[in-house]
> 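Got a structure here, written out as structure tokens. Questions coming.
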Amino acid sequence: MKNQKPVIIEDYNEEWPIAFNVIESILSNNLNGLALRIEHVGSTSVPSLAAKPIIDVDVVIESVEYLPGVIDKLEELGYVHEGDLGIKNREAFARKDAYVPYDSEGNEKYEHHLYVCNKESEELKRHIIFREILRKHPSLVAEYTNLKRELSDEFRNNRKAYTDGKTKFVTRVMNEFKDNL
């Protein structure tokens with residue numbers, strides 16, 4: 001098992017949506033219509049929610065037929081295709097270095113995880129629904145922030161245990177609120 005970075009939770013940062021916009025703009029300009037849309041998902045996409053300072057980006061495509069073209073374009077921007085990592089209709093991409101996605105300015109980009117999802121992807125739908133629920137319910141944001149802080153204190157050096165600890169909360173919220181969107 002490779003060395004994992006410790007789980008560090010930070011207060012919500014107004015830089016996160018700005019960082020997403022920079023990444024999204026470069027991706028949009030280079031994917032030449034291959035993407036239906038590019039979504040900011042995960043905890044950094046929810047105002048006031050504490051999070052690991054890593055932007056989650058879902059590039060949404062019409063169908064898997066577009067994937068080879070998207071992979072080629074993303075490789076030009078400095079991403080490395082990692083496959084679906086066991087999640088159907090969601091392809092993961094790693095960054096070669098801190099400057100990815102590459103652009104003419106050559107600046108470092110905010111740390112992020114990039115996924116390409118078929119528009120039918122269950123994982124994509126889950127990301128969007130959970131984000132929208134949290135954006136509409138500040139009390140859940142506060143509860144989730146507290147849970148994440150407790151878990152990061154307890155499982156600072158165990159990302160799997162940290163993530164597993166959030167699952168019960170996520171499942172409960174999805175079950176209780178998904179029909180009210």
Side-chain angles (χ1 to χ4, degrees), residues 1-17 19-20 23-24 35-61 64 67 74 79-95 110-181:
M1 194 165 158
K2 64 182 179 188
N3 278 342
Q4 291 187 326
K5 289 195 226 166
V7 177
I8 308 288
I9 299 300
E10 296 181 2
D11 287 339
Y12 180 77
N13 186 333
E14 298 289 341
E15 291 292 316
W16 293 340
F20 168 77
I23 295 162
E24 189 270 340
L36 293 174
R37 63 188 192 277
I38 299 170
E39 296 278 357
H40 185 186
V41 296
S43 294
T44 61
S45 70
V46 179
S48 301
L49 182 58
K52 294 189 306 286
I54 303 168
I55 309 291
D56 288 321
V57 180
D58 283 352
V59 174
V60 184
I61 59 174
V64 290
L67 188 60
L74 291 176
Y79 292 98
V80 178
H81 184 219
E82 297 183 303
D84 70 7
L85 305 181
I87 298 178
K88 188 178 177 213
N89 288 326
R90 190 201 79 173
E91 299 290 315
F93 290 80
R95 302 166 67 208
Y110 209 91
E111 188 173 351
H112 62 283
H113 293 152
L114 182 80
Y115 303 99
V116 174
C117 303
N118 180 323
K119 70 178 183 183
E120 303 301 320
S121 165
E122 288 304 315
E123 189 71 6
L124 169 69
K125 291 175 184 172
R126 218 173 55 76
H127 287 167
I128 302 290
I129 290 168
F130 190 63
R131 177 190 72 193
E132 295 307 309
I133 291 169
L134 290 179
R135 284 179 174 177
K136 287 183 177 176
H137 297 279
S139 63
L140 292 175
V141 170
E143 184 181 346
Y144 197 32
T145 289
N146 292 337
L147 173 64
K148 291 168 78 161
R149 289 191 190 287
E150 289 168 15
L151 290 169
S152 74
D153 288 345
E154 187 175 349
F155 301 113
R156 176 79 34 163
N157 296 304
N158 186 340
R159 282 190 177 232
K160 181 170 179 356
Y162 167 81
T163 301
D164 290 348
K166 297 186 306 182
T167 300
K168 189 172 163 187
F169 174 85
V170 172
T171 302
R172 175 178 65 83
V173 166
M174 293 289 281
N175 289 338
E176 279 181 36
F177 293 93
K178 70 176 186 259
D179 296 331
N180 300 327
L181 277 180

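Everything quoted here is computed from the prediction, not taken from an experiment. Below, each value reflects all heavy atoms present in this structure, side chains not excepted, and no hydrogens, waters or symmetry copies.
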> Check the pair Glu24 / His40 against side-chain hydrogen bond (donor to acceptor under 3.5 Å, both in side chains), numbers first and verdict last.
CA-CA 9 Å; Glu24 189 270 340; His40 185 186; over 6 Å; no
> Regarding Ser43 and Lys148, do their side chains bring together a donor and an acceptor under 3.5 Å, going by distance alone?
yes
> So does Arg131 pair up with Glu39, basic N to acidic O under 4.0 Å?
yes
> When the ring centroid of Trp16 is compared with that of Tyr12, is the distance short of 6.0 Å?
yes
> To the closest 0.5 Å, what do you measure between CG (Asp11) and CG (Asn13)?
9.0 Å
> If you measure from CD on Glu10 to CG on Leu49, what distance do you get to the nearest 0.5 Å?
12.5 Å
> Taking NZ, NE, NH1 and NH2 as the nitrogens, is one of them in Glu111 or Lys5 under 4.0 Å from a carboxylate oxygen of the other?
yes
> What do you reckon, are the aromatic ring centroids of His112 and Phe93 less than 6.0 Å apart?
no
> Identify the two heavy atoms, one from Leu85 and one from Ala92, that lie closest to each other, and give their separation to 0.1 Å.
CD1-CB, 3.4 Å
> Does Lys125 NZ have over 12 foreign heavy atoms under 6.0 Å away?
yes
> Looking at Phe177 versus Phe130, is the centre-to-centre ring distance below 6.0 Å?
no
> To check you understand the geometry: which heavy-atom pair defines the closest contact between Ala161 and Phe155, and what is its length?
CB-CD2, 3.4 Å
> Side-chain polar contacts of residues 135-142 - donor-acceptor pairs under 3.5 angstrom, sequence neighbours left out - could you list them?
residue	atom	partner	partner atom	Å
Arg135	NE	Ser45	O	3.0
Arg135	NH1	Glu132	OE2	3.4
Arg135	NH2	Ser45	O	2.8

> Would you verify whether the NZ or CZ of Lys160 falls within 45 degrees of the ring axis of Tyr162 while also being under 6.0 Å from that six-membered ring's centre?
no
